[in-house]
Structures are given as structure tokens and as C-alpha cells.
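Along the sequence shown, the residues carry numbers beginning at 1.
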Amino acid sequence: SGPIVELPIIDNQTIKAGDLLFRIDPRTFRADLDEAEAEEERTKEDFDRAVDLVKKGDISQRDYDKAEAAFDVAKAQLETARLNLEFTEVRASVDGFITNLTLRIGSQAVANQPVMALVDESSFWVHGYFRETRVGDIQAGDRALVTLMSYPDEPLEGTVDSIGWGIAQQDGSTGIDLLPSVNPTFEWIRLAQRVPVRVHLDPLPDRVQLRVGTTASVLVRTGTAE
């Protein structure tokens, strides 16, 4: 955790893996590292002395073990301090796009709390929500045709990757007392549920840019799985 002192990115920017996203003020963590290095050096000297003394029989095995344990703890603390200083620089883990960036210089970053969205450019997929009366005909490997609402004249080719194994029930689900929660105003005309079918897209035309959460129509050519 700490205040952000460097922010070399802007909203909706393209990012490469390894690019610096932001830097947290490193001064506190650098001081911790200096302290850990000094402690590690001191306990190493004590341990080296204990090694010589135990060989001569001038100290007990218990004192030797205490010196060794202190040295091991200091080494672990030094490694933690090095990692904490390294973690003040946050870098992109994948190629992608920064979006919905609200950080500013001076913003407080909190450890283990997300502060920005990085969309992995190779992680896009399409979900088609098919009626349960039709999903039985679909298999992984079936070819699919995807028409994006943002590019209606450029249908995309894809392949069915997988079919969802479950959906949340609005009625008959388990309540807080472990009994079914049934809507008392339920109309006993049951509509077919929708089951998500995940489609992996083939390589895209250069002009097409995918955006998370946008809309598409999905046609699956059943029976085309190899």
C-alpha cells in the first residue's frame, strides 16, 4: 500500500506485457530493505561465530541453533523486503488495453485491492445463450458464425469451445434455511431456460476491434464438429 508517485499511462491506452502501469512511493520500502540488510548481516556474523565456537565446544548446541534460526529469519525478512520494494512498481502482466482508469498521481493504492482494469487482448470470447430445447444438439467443436452489432457487415468465424453445465435457478433455489425458495406468484407456464455456449473466435480481420460486454448474434452449425 502507498501513494502513487508515477502514472505513465492514460485511459484506453494499448499496453504491452512488462510496461509500467504505476509506481507506489518506494521510500518506506527502501528503508525497510536497508534495515533488513543490516539485520541479515548482523545475524550472519553471529551465526558464523557460532559455527566456529560449536566446533571448539565453547557454546552449546542450543545456542548454536538459536543463532542459526535468527539468521534464517533475517534472510526471510530480507527477501520479503526486497519483494515489497519490487512490488512498488506494478507492470502489465499481458498485452492488452487499459480502461476505466480513475487513478491520479497521489491516489492511495491499497494492497490486494484492484485499482484499474487491464483487458487481456487475447482473452476475448463470445457467449451465445441458447434455449435448453436446442442446446442438446450443440457440441464442442461445432463451427459458429458470429455477427457483432458493432460490425454488422463483417460476420466472424468461430468454434464452440464449451457449453455451460449449470445456470442459477430463480425459483426452487436453496434459501438461507436450506429449504427451497419458491416465488409464491410464480406463473406455472415454464419458459425454456437459456444455457451459455462459449465460442472461441478465429483470427479477426484487421478492421475489427473487440470490446468487452458488447452484443453479438451467434449461429452454431450443429453437426460440424470433427
Does some side-chain heavy atom of [Y] sit less than 4.5 Å from a side-chain heavy atom of [X]?
X: T28; Y: D32; answer: yes
X: D34; Y: E37; answer: yes
X: T88; Y: D25; answer: no
X: L20; Y: E89; answer: yes
X: D142; Y: R221; answer: no

Worksheet item: Does any pair with a residue in residues 104-113 pass side chain to side chain donor-acceptor pair (under 3.5 Å), and if so which ones, sequence neighbours excluded?
Response: none
Response to the item:
Residues pairing under side chain to side chain donor-acceptor pair (under 3.5 Å) where one sits in residues 116-125, two or more places apart or in two chains, turn out to be D120-S122, W125-H127
Item to complete: Could you state whether I105 and I98 fall into the same hydrophobic cluster, counting links through intermediate Ile, Leu, Val, Met, Phe, Trp or Tyr residues with side-chain heavy atoms under 4.5 angstrom apart?
Response: yes
Discussion item. Same cluster or not: I15 versus V94, using hydrophobic residues (I, L, V, M, F, W, Y) connected whenever any side-chain heavy atoms lie under 4.5 Å apart?
Written reply: yes
[X] side chain to [Y] backbone, donor-acceptor under 3.5 Å:
X: E132; Y: Q193; answer: yes
X: S1; Y: A111; answer: yes
X: D11; Y: L101; answer: yes
X: T224; Y: R143; answer: yes

Just verifying a value: how many Å separate [X] [atom1] and [Y] [atom2], rounded to the nearest 0.5 Å?
X: M116; Y: L7; atom1: CE; atom2: CG; value: 6.0 Å
X: L85; Y: I24; atom1: CG; atom2: CD1; value: 11.0 Å
X: E41; Y: L78; atom1: CD; atom2: CG; value: 11.0 Å
X: R91; Y: L118; atom1: CZ; atom2: CG; value: 14.0 Å

Worksheet, complete the sentence: salt bridge (Lys or Arg N to Asp or Glu O under 4.0 Å) pairs touching residues 203-219, sequence neighbours excluded, are E154-R207
Response to the item:
By salt bridge (charged side-chain N to carboxylate O under 4.0 Å, His left out), K66 pairs with (sequence neighbours left out) none
Discussion item. Test of understanding: with salt bridge (charged side-chain N to carboxylate O under 4.0 Å, His left out), list the residues that count as partners of K44, not counting sequence neighbours.
Written reply: D48
Worksheet item: Around atom CD of E157, are there more than 12 heavy atoms of other residues, nucleotides or ligands at under 6.0 Å?
Response: yes
Worksheet entry | Partners meeting side-chain contact (heavy atoms from CB on, under 4.5 Å) with V115 (sequence neighbours left out) | F22, L103
Fill in: Side-chain cluster (under 4.5 Å, hydrophobic types only) that L53 belongs to, other residues
F47, V51, V54, I59, Y64, F71
Worksheet item: To which residues is V126 joined in a hydrophobic cluster, defined by side-chain heavy-atom contacts under 4.5 Å among Ile, Leu, Val, Met, Phe, Trp and Tyr, whether direct or through other members?
Response: F97, V119, F124, F130, V135, I138, V146, L148, Y151, L156, V160, I163, V195, V197, V199, L201, L204, V208, L210, V212, V218, V220
Residues forming a side chain to side chain donor-acceptor pair (under 3.5 Å) with [X], sequence neighbours excluded:
X: E39; value: R42
X: D19; value: none
X: D95; value: none
X: R30; value: none

Discussion item. Between K55 and D52, does any side-chain N to carboxylate O distance fall below 4.0 Å?
Written reply: no
Item to complete: Give the C-alpha distance, both sets of side-chain angles, the deciding distance and a yes or no for salt bridge (Lys or Arg N to Asp or Glu O under 4.0 Å) between D65 and R62.
Response: CA-CA 5 Å; D65 291 342; R62 180 178 180 182; over 6 Å; no
